[in-house]
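Everything below concerns the one structure shown next.
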Number of protein chains: 2
Amino acid sequence: MITSTTAPRIDQTLMALADPTRRAILKRLSAGEARVTELARPFDISLNAVSKHIRLLERAHLVRRRVEGREHFLAFNFKPLAETIKWLETQHAFWTARLDALEELLKAEDRAAAKTLKKTHKRKGRYED
Amino acid sequence: MITSTTAPRIDQTLMALADPTRRAILKRLSAGEARVTELARPFDISLNAVSKHIRLLERAHLVRRRVEGREHFLAFNFKPLAETIKWLETQHAFWTARLDALEELLKAEDRAAAKTLKKTHKRKGRYED
DNA sequence: ACTATATTCAACCTTGAGGTTGAATGATTA
DNA sequence: TAATCATTCAACCTCAAGGTTGAATATAGT
(Lines give C-alpha, C1' and ligand atoms only; values in the text may rest on other atoms or scores of the structure.)
Protein backbone atom coordinates (compact mmCIF):
# COMPACT_ATOMS: atom_id res chain seq x y z
CA MET A 1 0.00 0.00 0.00
CA ILE A 2 1.61 3.21 -1.19
CA THR A 3 0.94 5.61 1.63
CA SER A 4 3.16 8.28 0.14
CA THR A 5 6.42 8.42 -1.76
CA THR A 6 7.42 10.67 1.11
CA ALA A 7 9.83 13.20 -0.25
CA PRO A 8 8.50 16.28 1.52
CA ARG A 9 11.56 18.28 0.61
CA ILE A 10 10.87 17.77 -3.08
CA ASP A 11 7.19 18.50 -2.61
CA GLN A 12 8.03 21.86 -1.10
CA THR A 13 10.64 22.73 -3.65
CA LEU A 14 8.45 21.89 -6.63
CA MET A 15 5.51 23.68 -5.11
CA ALA A 16 7.62 26.77 -4.45
CA LEU A 17 8.89 26.76 -8.01
CA ALA A 18 5.40 26.40 -9.46
CA ASP A 19 4.74 30.12 -9.31
CA PRO A 20 6.07 32.69 -11.78
CA THR A 21 6.48 35.43 -9.17
CA ARG A 22 8.62 33.22 -6.99
CA ARG A 23 10.70 32.09 -9.94
CA ALA A 24 11.27 35.74 -10.85
CA ILE A 25 12.34 36.44 -7.28
CA LEU A 26 14.83 33.61 -7.44
CA LYS A 27 16.13 34.87 -10.73
CA ARG A 28 16.68 38.27 -9.23
CA LEU A 29 18.43 36.69 -6.26
CA SER A 30 20.78 34.76 -8.49
CA ALA A 31 22.39 38.14 -9.20
CA GLY A 32 23.06 38.59 -5.52
CA GLU A 33 21.41 39.49 -2.23
CA ALA A 34 18.46 41.83 -2.12
CA ARG A 35 16.14 43.33 0.46
CA VAL A 36 12.40 42.75 0.54
CA THR A 37 11.46 46.16 -0.83
CA GLU A 38 14.02 45.79 -3.57
CA LEU A 39 12.59 42.41 -4.53
CA ALA A 40 9.07 43.74 -4.48
CA ARG A 41 9.67 46.78 -6.66
CA PRO A 42 9.36 45.18 -10.11
CA PHE A 43 6.06 43.52 -9.30
CA ASP A 44 2.59 44.78 -9.63
CA ILE A 45 1.45 43.27 -6.36
CA SER A 46 1.63 44.60 -2.84
CA LEU A 47 4.76 44.48 -0.72
CA ASN A 48 2.93 42.19 1.65
CA ALA A 49 2.24 39.70 -1.09
CA VAL A 50 5.93 39.59 -1.97
CA SER A 51 6.77 39.22 1.71
CA LYS A 52 4.55 36.17 1.79
CA HIS A 53 6.19 34.70 -1.29
CA ILE A 54 9.56 35.15 0.36
CA ARG A 55 8.36 33.46 3.51
CA LEU A 56 7.22 30.51 1.43
CA LEU A 57 10.56 30.34 -0.39
CA GLU A 58 12.28 30.45 2.97
CA ARG A 59 10.12 27.61 4.24
CA ALA A 60 11.21 25.61 1.21
CA HIS A 61 14.83 26.47 2.04
CA LEU A 62 15.30 28.07 -1.35
CA VAL A 63 16.04 31.41 0.24
CA ARG A 64 17.92 32.45 3.37
CA ARG A 65 17.44 35.59 5.36
CA ARG A 66 20.01 37.73 7.11
CA VAL A 67 18.61 40.50 9.29
CA GLU A 68 20.65 43.62 9.70
CA GLY A 69 18.87 46.33 11.60
CA ARG A 70 15.58 46.98 9.95
CA GLU A 71 16.72 45.50 6.68
CA HIS A 72 16.31 41.85 5.71
CA PHE A 73 18.74 40.55 3.13
CA LEU A 74 17.60 37.55 1.14
CA ALA A 75 19.94 35.14 -0.56
CA PHE A 76 19.48 32.21 -2.86
CA ASN A 77 20.15 28.74 -1.53
CA PHE A 78 20.87 26.34 -4.35
CA LYS A 79 20.93 23.08 -2.51
CA PRO A 80 17.24 22.11 -2.66
CA LEU A 81 17.10 23.16 -6.27
CA ALA A 82 20.07 21.02 -7.18
CA GLU A 83 18.57 18.12 -5.29
CA THR A 84 15.26 18.48 -7.05
CA ILE A 85 16.82 18.70 -10.47
CA LYS A 86 18.87 15.64 -9.71
CA TRP A 87 15.78 13.78 -8.59
CA LEU A 88 13.85 14.83 -11.69
CA GLU A 89 16.69 13.73 -13.93
CA THR A 90 16.84 10.36 -12.24
CA GLN A 91 13.12 9.92 -12.66
CA HIS A 92 13.34 11.09 -16.21
CA ALA A 93 16.05 8.56 -16.95
CA PHE A 94 13.97 5.87 -15.30
CA TRP A 95 10.85 6.88 -17.16
CA THR A 96 12.44 7.13 -20.58
CA ALA A 97 14.29 3.85 -20.07
CA ARG A 98 10.95 2.17 -19.40
CA LEU A 99 9.42 3.91 -22.35
CA ASP A 100 12.22 2.83 -24.64
CA ALA A 101 11.91 -0.73 -23.44
CA LEU A 102 8.19 -0.59 -24.14
CA GLU A 103 8.77 0.83 -27.60
CA GLU A 104 11.23 -1.97 -28.33
CA LEU A 105 8.72 -4.50 -27.16
CA LEU A 106 6.02 -3.10 -29.38
CA LYS A 107 8.32 -2.98 -32.38
CA ALA A 108 9.29 -6.59 -31.79
CA GLU A 109 5.61 -7.48 -31.64
CA ASP A 110 5.02 -5.67 -34.90
CA ARG A 111 7.89 -7.50 -36.58
CA ALA A 112 6.57 -10.81 -35.35
CA ALA A 113 3.08 -9.97 -36.54
CA ALA A 114 4.37 -8.94 -39.95
CA LYS A 115 6.30 -12.16 -40.25
CA THR A 116 3.34 -14.40 -39.52
CA LEU A 117 1.09 -12.10 -41.53
CA LYS A 118 -1.41 -12.20 -38.72
CA LYS A 119 -1.54 -8.49 -38.00
CA THR A 120 -2.90 -8.96 -34.55
CA HIS A 121 -2.45 -6.33 -31.90
CA LYS A 122 -2.67 -3.43 -34.29
CA ARG A 123 -2.77 -1.04 -31.39
CA LYS A 124 -5.59 1.29 -32.14
CA GLY A 125 -5.75 4.79 -30.79
CA ARG A 126 -2.10 5.68 -30.41
CA TYR A 127 -1.65 9.04 -28.76
CA GLU A 128 0.21 12.00 -30.07
CA ASP A 129 0.94 15.64 -29.13
CA MET B 1 7.24 45.87 -14.42
CA ILE B 2 7.34 42.11 -14.17
CA THR B 3 3.73 41.14 -14.57
CA SER B 4 4.55 37.45 -14.76
CA THR B 5 7.31 35.32 -16.22
CA THR B 6 4.41 33.72 -18.03
CA ALA B 7 5.26 30.09 -18.47
CA PRO B 8 1.89 28.59 -17.62
CA ARG B 9 2.93 25.23 -18.96
CA ILE B 10 5.78 25.03 -16.48
CA ASP B 11 3.57 26.24 -13.67
CA GLN B 12 1.16 23.43 -14.30
CA THR B 13 3.83 20.79 -14.69
CA LEU B 14 5.68 21.72 -11.52
CA MET B 15 2.46 21.99 -9.60
CA ALA B 16 1.33 18.58 -10.82
CA LEU B 17 4.66 17.04 -9.81
CA ALA B 18 4.55 18.60 -6.36
CA ASP B 19 2.43 15.80 -4.96
CA PRO B 20 3.67 12.35 -3.96
CA THR B 21 0.52 10.54 -5.05
CA ARG B 22 0.72 11.99 -8.53
CA ARG B 23 4.41 11.20 -8.78
CA ALA B 24 3.63 7.62 -7.79
CA ILE B 25 0.94 7.46 -10.47
CA LEU B 26 3.41 8.66 -13.06
CA LYS B 27 5.93 6.13 -11.90
CA ARG B 28 3.35 3.40 -12.31
CA LEU B 29 2.48 4.70 -15.78
CA SER B 30 6.11 4.63 -16.85
CA ALA B 31 5.72 0.84 -16.86
CA GLY B 32 2.87 1.12 -19.34
CA GLU B 33 -0.77 2.03 -19.67
CA ALA B 34 -3.17 1.46 -16.82
CA ARG B 35 -6.84 1.94 -16.06
CA VAL B 36 -8.17 4.19 -13.32
CA THR B 37 -9.08 1.36 -10.93
CA GLU B 38 -5.72 -0.23 -11.50
CA LEU B 39 -3.96 3.02 -10.71
CA ALA B 40 -6.06 3.56 -7.61
CA ARG B 41 -5.54 0.11 -6.09
CA PRO B 42 -2.20 0.68 -4.31
CA PHE B 43 -3.39 3.84 -2.61
CA ASP B 44 -5.14 4.31 0.66
CA ILE B 45 -7.45 6.98 -0.69
CA SER B 46 -10.76 6.71 -2.49
CA LEU B 47 -11.10 5.93 -6.16
CA ASN B 48 -12.63 9.34 -6.62
CA ALA B 49 -9.57 11.04 -5.17
CA VAL B 50 -7.34 9.20 -7.62
CA SER B 51 -9.70 10.09 -10.43
CA LYS B 52 -9.22 13.74 -9.50
CA HIS B 53 -5.44 13.39 -9.44
CA ILE B 54 -5.58 11.88 -12.90
CA ARG B 55 -7.73 14.71 -14.16
CA LEU B 56 -5.16 17.17 -12.84
CA LEU B 57 -2.32 15.27 -14.49
CA GLU B 58 -4.30 15.28 -17.70
CA ARG B 59 -4.83 19.01 -17.46
CA ALA B 60 -1.07 19.39 -17.11
CA HIS B 61 -0.66 17.20 -20.20
CA LEU B 62 1.44 14.73 -18.26
CA VAL B 63 -1.09 12.00 -18.90
CA ARG B 64 -3.25 11.09 -21.86
CA ARG B 65 -6.49 9.19 -21.80
CA ARG B 66 -7.83 6.67 -24.27
CA VAL B 67 -11.39 5.56 -23.68
CA GLU B 68 -12.38 2.08 -24.74
CA GLY B 69 -15.87 1.14 -23.71
CA ARG B 70 -16.22 1.69 -20.02
CA GLU B 71 -12.50 1.52 -19.45
CA HIS B 72 -10.18 4.52 -19.52
CA PHE B 73 -6.55 3.81 -20.32
CA LEU B 74 -4.05 6.33 -19.06
CA ALA B 75 -0.62 6.83 -20.55
CA PHE B 76 2.37 8.88 -19.64
CA ASN B 77 3.23 11.88 -21.79
CA PHE B 78 6.87 12.82 -21.40
CA LYS B 79 6.96 16.03 -23.32
CA PRO B 80 6.04 18.53 -20.59
CA LEU B 81 8.33 16.75 -18.18
CA ALA B 82 11.24 16.94 -20.58
CA GLU B 83 10.49 20.59 -21.21
CA THR B 84 10.37 21.37 -17.52
CA ILE B 85 13.60 19.55 -16.78
CA LYS B 86 15.26 21.38 -19.61
CA TRP B 87 13.98 24.68 -18.30
CA LEU B 88 15.14 23.89 -14.77
CA GLU B 89 18.56 22.90 -16.02
CA THR B 90 18.88 26.12 -17.97
CA GLN B 91 17.90 28.11 -14.94
CA HIS B 92 20.23 26.08 -12.81
CA ALA B 93 23.09 26.76 -15.18
CA PHE B 94 22.21 30.43 -15.19
CA TRP B 95 21.93 30.57 -11.43
CA THR B 96 25.13 28.72 -10.69
CA ALA B 97 27.01 30.74 -13.28
CA ARG B 98 25.93 33.91 -11.53
CA LEU B 99 26.81 32.41 -8.20
CA ASP B 100 30.24 31.41 -9.41
CA ALA B 101 30.87 34.87 -10.79
CA LEU B 102 29.84 36.35 -7.48
CA GLU B 103 32.14 34.00 -5.59
CA GLU B 104 34.99 35.00 -7.86
CA LEU B 105 34.25 38.64 -7.25
CA LEU B 106 34.25 38.16 -3.51
CA LYS B 107 37.46 36.20 -3.59
CA ALA B 108 39.08 38.92 -5.66
CA GLU B 109 37.90 41.45 -3.12
CA ASP B 110 39.36 39.38 -0.35
CA ARG B 111 42.68 39.13 -2.14
CA ALA B 112 42.73 42.86 -2.70
CA ALA B 113 41.87 43.48 0.91
CA ALA B 114 44.57 41.12 2.09
CA LYS B 115 47.10 42.85 -0.13
CA THR B 116 46.41 46.31 1.23
CA LEU B 117 46.01 44.85 4.71
CA LYS B 118 42.85 46.84 5.11
CA LYS B 119 40.50 43.93 5.79
CA THR B 120 37.45 45.90 4.89
CA HIS B 121 34.28 44.17 3.72
CA LYS B 122 34.74 41.16 5.95
CA ARG B 123 31.29 39.96 5.05
CA LYS B 124 29.68 39.08 8.34
CA GLY B 125 26.91 36.56 8.64
CA ARG B 126 27.63 34.18 5.80
CA TYR B 127 24.94 31.56 5.41
CA GLU B 128 25.37 27.84 5.40
CA ASP B 129 23.27 24.64 5.12
C1' DA C 1 11.86 63.85 20.23
C1' DC C 2 9.85 63.40 15.72
C1' DT C 3 9.39 61.43 11.32
C1' DA C 4 10.30 58.43 7.76
C1' DT C 5 11.62 53.69 6.34
C1' DA C 6 11.62 48.52 6.36
C1' DT C 7 9.27 44.86 7.49
C1' DT C 8 5.94 41.99 9.59
C1' DC C 9 1.39 40.92 11.89
C1' DA C 10 -3.58 40.48 11.78
C1' DA C 11 -7.82 40.11 9.67
C1' DC C 12 -10.18 39.31 5.80
C1' DC C 13 -11.51 37.52 0.92
C1' DT C 14 -11.53 34.21 -3.01
C1' DT C 15 -10.05 30.23 -5.25
C1' DG C 16 -8.54 25.63 -5.88
C1' DA C 17 -6.28 21.28 -3.91
C1' DG C 18 -7.24 17.15 -1.81
C1' DG C 19 -10.28 14.49 0.36
C1' DT C 20 -15.03 12.34 1.46
C1' DT C 21 -19.78 10.07 0.38
C1' DG C 22 -23.63 9.02 -2.52
C1' DA C 23 -25.88 9.01 -6.83
C1' DA C 24 -25.72 8.92 -12.03
C1' DT C 25 -24.15 7.16 -16.41
C1' DG C 26 -22.70 3.63 -19.64
C1' DA C 27 -20.78 -0.69 -21.00
C1' DT C 28 -20.36 -5.64 -19.88
C1' DT C 29 -21.83 -10.00 -18.49
C1' DA C 30 -24.86 -13.55 -16.47
C1' DT D 1 -33.55 -7.95 -18.65
C1' DA D 2 -31.16 -7.50 -14.60
C1' DA D 3 -27.06 -7.25 -12.11
C1' DT D 4 -22.28 -5.83 -12.06
C1' DC D 5 -18.36 -3.15 -13.12
C1' DA D 6 -15.71 1.29 -14.48
C1' DT D 7 -15.85 5.75 -14.19
C1' DT D 8 -17.47 10.33 -13.48
C1' DC D 9 -20.64 13.94 -11.49
C1' DA D 10 -22.37 16.58 -7.62
C1' DA D 11 -22.25 18.30 -3.20
C1' DC D 12 -19.81 18.97 0.62
C1' DC D 13 -15.67 19.68 3.95
C1' DT D 14 -11.06 21.62 5.35
C1' DC D 15 -6.98 23.92 4.52
C1' DA D 16 -3.59 26.73 2.41
C1' DA D 17 -2.16 29.85 -1.60
C1' DG D 18 -2.29 34.30 -3.16
C1' DG D 19 -4.01 38.51 -2.73
C1' DT D 20 -5.81 42.84 -0.23
C1' DT D 21 -5.84 46.73 3.50
C1' DG D 22 -4.64 48.70 7.84
C1' DA D 23 -2.11 48.66 12.02
C1' DA D 24 2.07 47.39 14.74
C1' DT D 25 7.00 47.17 15.46
C1' DA D 26 11.54 48.48 15.29
C1' DT D 27 15.39 50.85 13.30
C1' DA D 28 17.46 55.11 10.98
C1' DG D 29 17.74 59.71 9.93
C1' DT D 30 16.71 64.75 11.07
Side-chain angles (χ1 to χ4, degrees), chain A residues 1-8 10-26 28-29 33-60 62-75 124-125, chain B residues 1-6 8 10-26 28-29 33-60 62-75 125:
Chain A
M1 179 162 4
I2 298 175
T3 306
S4 62
T5 315
T6 31
I10 295 197
D11 288 26
Q12 276 193 324
T13 309
L14 288 171
M15 190 281 219
L17 289 174
D19 178 282
T21 303
R22 286 194 289 269
R23 287 199 301 272
I25 289 175
L26 289 181
R28 169 56 251 277
L29 286 181
E33 286 191 340
R35 291 172 307 122
V36 178
T37 321
E38 214 174 318
L39 285 173
R41 190 162 27 242
F43 297 102
D44 208 10
I45 59 180
S46 75
L47 177 64
N48 264 345
V50 174
S51 179
K52 281 194 186 180
H53 277 302
I54 293 171
R55 199 197 312 162
L56 208 145
L57 285 168
E58 224 182 338
R59 202 181 63 196
L62 280 165
V63 146
R64 286 195 248 86
R65 185 188 305 254
R66 174 171 58 88
V67 179
E68 196 147 347
R70 63 180 166 180
E71 299 170 299
H72 295 206
F73 291 93
L74 289 320
K124 52 193 162 183
Chain B
M1 178 161 8
I2 298 174
T3 306
S4 63
T5 315
T6 30
I10 294 197
D11 289 26
Q12 276 193 325
T13 309
L14 287 172
M15 191 282 219
L17 289 175
D19 178 281
T21 304
R22 285 193 291 268
R23 287 199 303 272
I25 289 175
L26 289 180
R28 167 60 250 274
L29 285 181
E33 287 190 341
R35 290 171 308 121
V36 178
T37 320
E38 213 173 317
L39 285 173
R41 191 163 23 242
F43 296 103
D44 208 11
I45 59 182
S46 75
L47 178 65
N48 263 345
V50 173
S51 178
K52 280 195 186 179
H53 278 301
I54 293 170
R55 198 199 311 162
L56 207 146
L57 284 168
E58 224 182 338
R59 203 182 62 196
L62 280 164
V63 146
R64 286 194 249 86
R65 184 189 306 255
R66 176 172 56 90
V67 179
E68 196 147 346
R70 62 179 166 179
E71 299 169 300
H72 295 205
F73 291 93
L74 289 321

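Throughout, protein chains are lettered first and strands after them, A, B, ... in sequence-line order, and every chain is numbered starting at 1.
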Close N or O pairs between protein and nucleotides 24-27 of chain C (under 3.5 Å):
none

Atom pairs under 3.5 Å, N or O on each side, protein against nucleotides 9-12 of chain C: can you list them with distances?
residue: C/dC9; atom: N4; partner: A/Asn48; partner atom: OD1; Å: 2.9
residue: C/dC9; atom: N4; partner: A/Asn48; partner atom: ND2; Å: 2.7

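In this structure, the CZ atom of A/Arg22 is 8 Å from the P atom of D/dG19, given to the nearest Å. The separation between A/Leu39 atom CG and C/dT8 atom C1' is 15 Å, rounded to whole Å. Residue A/Asp19 contributes atom CG, which lies 18 Å from atom P of C/dT15 at whole-angstrom precision. Put simply, CD1 on B/Ile54 is 10 Å from C1' on D/dT7, counting in whole angstrom units. Separating the CG atom of B/Leu56 from the C1' atom of C/dG19 is a distance of 13 Å, rounded to the nearest angstrom. Put simply, CG on B/Asp44 is 12 Å from C1' on C/dG19, counting in whole angstrom units. Regarding B/Asp11, its CG atom lies at a distance of 13 Å from the P atom of C/dA17, rounded to whole Å.
When the side-chain nitrogen and oxygen atoms of A/Arg65 are compared with OP1 and OP2 of C/dA6, none of them lie within a distance under 4.0 Å. Between B/His72 and D/dA6 there is no side-chain polar atom (N or O) within less than 4.0 angstrom of OP1 or OP2. Phosphate proximity of D/dA6 to B/Arg41: absent, as no side-chain N or O sits under 4.0 Å from OP1 or OP2. Regarding contacts with the backbone of D/dG19, every side-chain N or O of A/Ser46 stays at 4.0 angstrom or more from both OP1 and OP2.
Here the CG atom belonging to B/Leu14 is positioned 10.5 Å from the CZ atom belonging to A/Arg22, to the nearest 0.5 angstrom.
A search for side-chain contact (heavy atoms from CB on, under 4.5 Å) contacts involving B/Ile45 returns B/Thr21, B/Phe43, B/Ala49, B/Val50, B/His53, not counting sequence neighbours. Every side-chain hydrogen bond (donor to acceptor under 3.5 Å, both in side chains) that A/Glu38 has, sequence neighbours left out, goes to A/Arg28. Residues satisfying the side-chain hydrogen bond (donor to acceptor under 3.5 Å, both in side chains) criterion with A/Glu58, sequence neighbours excluded, are A/Arg65.
Closest approach to the B/Leu47 side chain among D/dT7, C/dT20, C/dT7 is made by D/dT7 (side chain taken as heavy atoms from C-beta onward). Closest contact between the side chain of A/Arg35 and the listed nucleotides C/dG18, C/dT7, D/dG18 involves C/dT7.
Comparing B/Val36 and A/His53 along DNA chain D, the residue whose closest nucleotide (by nearest heavy atom) sits nearer the 5' end is B/Val36.
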